Amino acid sequence: MINGQPVEELKGIGEKTGKLYRKLGIETVADLLQYYPRAYDAIEEPSAIGALKENAPGAVLGVLMKPADLLRFNGLPMVSVYLKDMTGSLQITWFHMPYMRAALKTGTRYIFRGRVVRKRGRLIMEQPEVFAPEDYEQMVHSLQPIYSQTRGLGNKAISRAVSQALNVRMLEREYLPETLRKKYELAEYNFAIEHIHYPKDTAELLFARKRLVFDEFFLFLIGVRRLKEKRQDQKSCFVMTPSARTDQVKAALPYALTEAQERTWQEVRRDLCGGLSMNRLIQGDVGSGKTIIAILALLEAAWNGYQGALMVPTEVLARQHYESMLQLFKEQGIEKVPVLVTGSMTAKEKRLAYEKIQSHEADIIVGTHALIQEKVVYDNLALVITDEQHRFGVGQREALGEKSGGRTPHVMVMSATPIPRTLAIILYGDLDISVIDQLPSNRLPIKNCVVGKDYRKRAYDFIAQQVAQGRQAYVICPMVEESEMIEAENVLDYTKTLRKELPEGISVEYLHGKMKGKEKNRIMEQFAAGEIQVLVSTTVIEVGVNVPNATVMMIENAERFGLAQLHQLRGRVGRGRFQSYCIMVNCGDGEDTGERLDILNRSNDGFYIASEDLKLRGPGDIFGMRQSGELEFKLADIFTDANLLKTVSEEVNHLLDADPELEAEEHQELKRRLETYLQKSYEKLNL
């Protein structure tokens, strides 16, 4: 089968199921093969009932001594059986599966495997899988893949589809030079794809993963190097002169810039006025004041007669930036005109915005990546700024530079992800780097605490107290909905819990990445407006919205996130004049988990946290949720894989120094793969 064929070509996937796969971003067989597991379930030998761990999956061997019971529980059909051994007793239950009663035969030996919980003093295994002992024996000590799922498409269905795709796929030609594969002991590509899904043990998993991570870094960094060569020492068509009016705006702000902000602004201004095209990354911790630097740069461009654009990852953030600009311009009597462009605007609203941009009635354009789609025609675009740069990959970075009629605009990118400088230089090799390493003096440090599950009731009471004082709260869960395989809090059930636990009159709503864009925007806007007091969310809010009134960030299953990501989440609070708090609920039982979370407890400095995170990471971190969401990597993690990233960077430099255009015979397949990779990056933008 050709790997580019629609996923519906696989047996058992019709039009309806195909739509569910598309919700996960899977359109073709190739997409499915590259939909890597996010965790693995280690299948162990069955244990005695007394040795089962609560709130964890387990397996027991038993013989049914009497037929299963079919009961009703809250109106739902429930099948129940009991097992006993010398160490204890276990109730096994299945909801919504009445057929299990007939399927289970008395006097037959079975192995039951599922999550074990304690309810009302009784040990219960819920919704277990059932195996014949000989079938289970073949699986023991194997690693079973766990995929990110969506409602209506569970882990078993995805696993079956992946297995089928592996059997019918067309094998890919190897494109990495053989010298590199030998030098770094890298698996053959097709072997790696198969064994990332179905490794027989940890060693095989690490072997497959290393190859695929190498590939992700390799292609990305070749793209970065190409950008660097295009941009290096490129004369600017938009040379500006420093405007006294920009200085007046800065002087009239209700606060003084920090030393770090002032230093960064001078670096940006030198770039705009220096004669070469600016390509600058501004790294600054959450709340360090990057946005005002962006506004000053946009005004400098406008007062030089040019247009400037600010691109952000979410519509709500775009609207907030736009409205705060309108307010600032009104307060200071600035006559320049900003316009907003987002995907959810009506056709008429978009048309009016496009007309203003093309006629240069608009000086500053704020929006999502809709800004770089072909319908937007600029009159004299001299400056493009992207916020949260780690959300935009190589294709996006290249596309930004092509919206000015063949004349390369100045490019400034901003990121609140505190990447250690050594890694930032590699990942953003096409950019100069400025760091804002101070917080404004009026910011109160966030008060942190790491607590266990037994603290939840007190946390709910604290949230209720804050809401009573007029404040708002976030609660973060690692999952959207309950999973049969993972023991972790999920957004949908947690929202129901909080609605019961918190006093009446407190508005609790949920937010997650699988919701439709308009619905997400509506919820985030209501939260920003104070109409929702408590927002239960996945990490989708990481870069979403600025709510100075939010003072509590409660993170469930904090052990499942990387420290850099936890720090990003924490940065959603502490943005106003009120004291803010971050409550991290640690549901893990490992010593290393406590050690990691204690780093956050001790420090609010994102760069310190990132460097400490780097020291503590190891290969074991690949079990569990991906720790960082930077750039366009599916498997690679810039913290866990930092050493490999450095190695790949050196190899890319050697390769392109020797063969800049990849013309050598041995590099032809690599060249083809690179073109496909960059094309996919562009397709994400709907260009």
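We count residues from 1, following the sequence as given. On a predicted model such as this, the values are computed, not experimentally measured, just so you know. Computed over heavy atoms, backbone and side chain alike; hydrogens, waters and symmetry mates excluded.
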**Study point:** Salt bridge present between Arg209 and Asp637 (N-O < 4.0 angstrom)
**Key:** no
**Study point:** All side-chain contact (heavy atoms from CB on, under 4.5 Å) counterparts of Thr106, not counting sequence neighbours
**Key:** Pro67
Review point. Among all residues two or more places apart in sequence or in another chain, which pass the salt bridge (Lys or Arg N to Asp or Glu O under 4.0 Å) test with Glu54?
Key: Arg118
Check your understanding: Looking at residues at least two apart in the chain, or sitting in another chain, which of them share a side-chain contact (heavy atoms from CB on, under 4.5 Å) with Asn190?
Key -> Arg169, Leu171, Glu172, Glu188
Practice item. Can you see which heavy atom on Ile49 is nearest to which on Ser89, and at what distance? Key: CG2-O, 3.7 Å
Study note, to complete from the structure: Contacts of Glu27 meeting salt bridge (Lys or Arg N to Asp or Glu O under 4.0 Å) (sequence neighbours excluded), chain-then-number -> none
Practice item. Kindly state each residue pair satisfying salt bridge (charged side-chain N to carboxylate O under 4.0 Å, His left out) with at least one member in residues 64-73, sequence neighbours excluded. Key: none
**Study point:** Within 6.0 angstrom of Arg602 CZ, more than 12 heavy atoms from elsewhere
**Key:** yes
Exercise for review: Sequence neighbours left out, what passes salt bridge (Lys or Arg N to Asp or Glu O under 4.0 Å) with Arg101? Give chain and number order.
Suggested key: none
Revision key, fill the gap. Salt bridge (Lys or Arg N to Asp or Glu O under 4.0 Å) filter on Arg211, not counting sequence neighbours, yields Glu174, Asp215
Practice item. Measure up the Tyr494 and Tyr460 rings against each other and bin them: parallel (under 30°), tilted (30 to 60°), perpendicular (over 60°). Key: perpendicular
Point to revise | ring-ring contact (aromatic ring centres under 6.0 Å, His included) partners of Tyr189, counting only residues at least two apart | key: none
Exercise for review: State plainly whether the residues Lys183 and Glu651 are in salt-bridge range, i.e. N to O under 4.0 Å.
Suggested key: yes
Check your understanding: Minimum heavy-atom separation for Val536 to Cys477, with atom names?
Key -> CG1-SG, 4.1 Å
**Study point:** Side-chain (Arg570) to main-chain (Asn448) donor-acceptor, under 3.5 angstrom
**Key:** no
Using atom types as modelled, flag every donor-acceptor pair under 3.5 Å from a side chain in residues 133-143 to any protein atom, sequence neighbours excluded.
residue, atom, partner, partner atom, Å
Tyr136, OH, Glu44, O, 2.7
Ser142, OG, Met139, O, 2.5
Ser142, OG, Gln144, NE2, 3.0

Check your understanding: Which word best sums up how the rings of Phe217 and Phe633 line up, parallel for under 30°, tilted for 30 to 60°, or perpendicular for over 60°?
Key -> perpendicular
Review point. Is there a side-chain contact between Val450 and Asp598 (heavy atoms, below 4.5 Å)?
Key: no
**Study point:** With Tyr99 via side-chain contact (heavy atoms from CB on, under 4.5 Å) - residues at least two apart
**Key:** Met97
Check your understanding: Can a salt bridge be assigned to the pair Lys210 and Glu185 using a cut-off of 4.0 Å between side-chain N and carboxylate O?
Key -> no
Exercise for review: Under the side-chain contact (heavy atoms from CB on, under 4.5 Å) rule, collect the residues that match up with Thr108, sequence neighbours excluded.
Suggested key: Lys105, Tyr110
Practice item. Identify whether the distance between the nearest side-chain nitrogen and carboxylate oxygen of Glu126 and Arg115 falls below 4.0 Å. Key: yes
Check your understanding: So which pairs with a foot in residues 10-24 pass salt bridge (charged side-chain N to carboxylate O under 4.0 Å, His left out), sequence neighbours left out?
Key -> Glu8-Arg22
